[in-house]
Amino acid sequence: MRMWLLTVCALGATVAIGMACGGKEAPASTRPAVTLSGEAAAKWDTLCVTCHGKSGHGDGPGAAALNPKPRSFGDGAWQTSVTDEHLKKVIVGGGAAVKLSNLMPPNADLEGKPEVVDQLVAKIRSLGP
Ligand code: HEC
């Protein structure tokens, strides 16, 4: 039993089990974690989190200077109010593409890369309540 738990901890299989192993922050969401790969992982880790924060609470280091600030992706009412199409449009075209602030930058390099955009959408959805 103990070996089993250690192995799972070592793999860092889920945030919940990570917490059981101690030291990790409370999970932002009860939804299953989404693991990004390739370009989506690179974008999220180096760009999106700087404003949106690792948990998507809109509290990345770059967010302090922003007005308006990014909303929390943990807001359930917002999650249900927006379609995946809207999220894709924001990600590729930036805030201006959907009449939001242009402080949300466009990612023109993701145009024609639906597999990358889909992963980012899944990530945002996974941060909902
Ligand atoms: C320079 C800071 C910055 C970066 C980098 C950034 N965002 Fe944003 N983002 C914002 C701001 C500010 C808003 C809020 C715009 C508003 O409410 O008018 C926003 C809003 C959003 C929204 C919500 C749109 C809505 O309907 O409220 C999504 C989704 C989003 N960003 C996804 C991403 C993703 C994915 C990335 C990485 C590819 C990213 N953002 C990178 C600043 C940023």
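Order of listing sets the numbers, starting from 1, for every ligand and every atom in it.
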In plain terms, say whether K88 and D118 are close enough for a salt bridge, that is, a side-chain N and a carboxylate O under 4.0 Å apart.
-> yes
Q79 side chain reached by I124 side chain, heavy atoms, under 4.5 Å = yes
Counting distance only, does the side-chain N/O of T80 pair as donor-acceptor with the main-chain N or O of G76 below 3.5 Å?
-> yes
Aromatic rings H52 and F73: how do their planes relate, parallel, tilted or perpendicular, breaks at 30° and 60°?
-> parallel
Using the test side-chain contact (heavy atoms from CB on, under 4.5 Å), find all partners of P68 that sit at least two apart in sequence or belong to another chain.
-> S101, L103
Which atom of S126 lies closest to which atom of R31, heavy atoms considered = O-CB, 3.6 Å
Could you please provide the protein residues found below 4.0 Å of ligand 1 on a heavy-atom basis, arranged by chain and number?
-> L47, C48, T50, C51, H52, L66, P68, P70, R71, F73, W78, H86, L87, V90, I91, L100, S101, L103, M104, P105, N107, I124
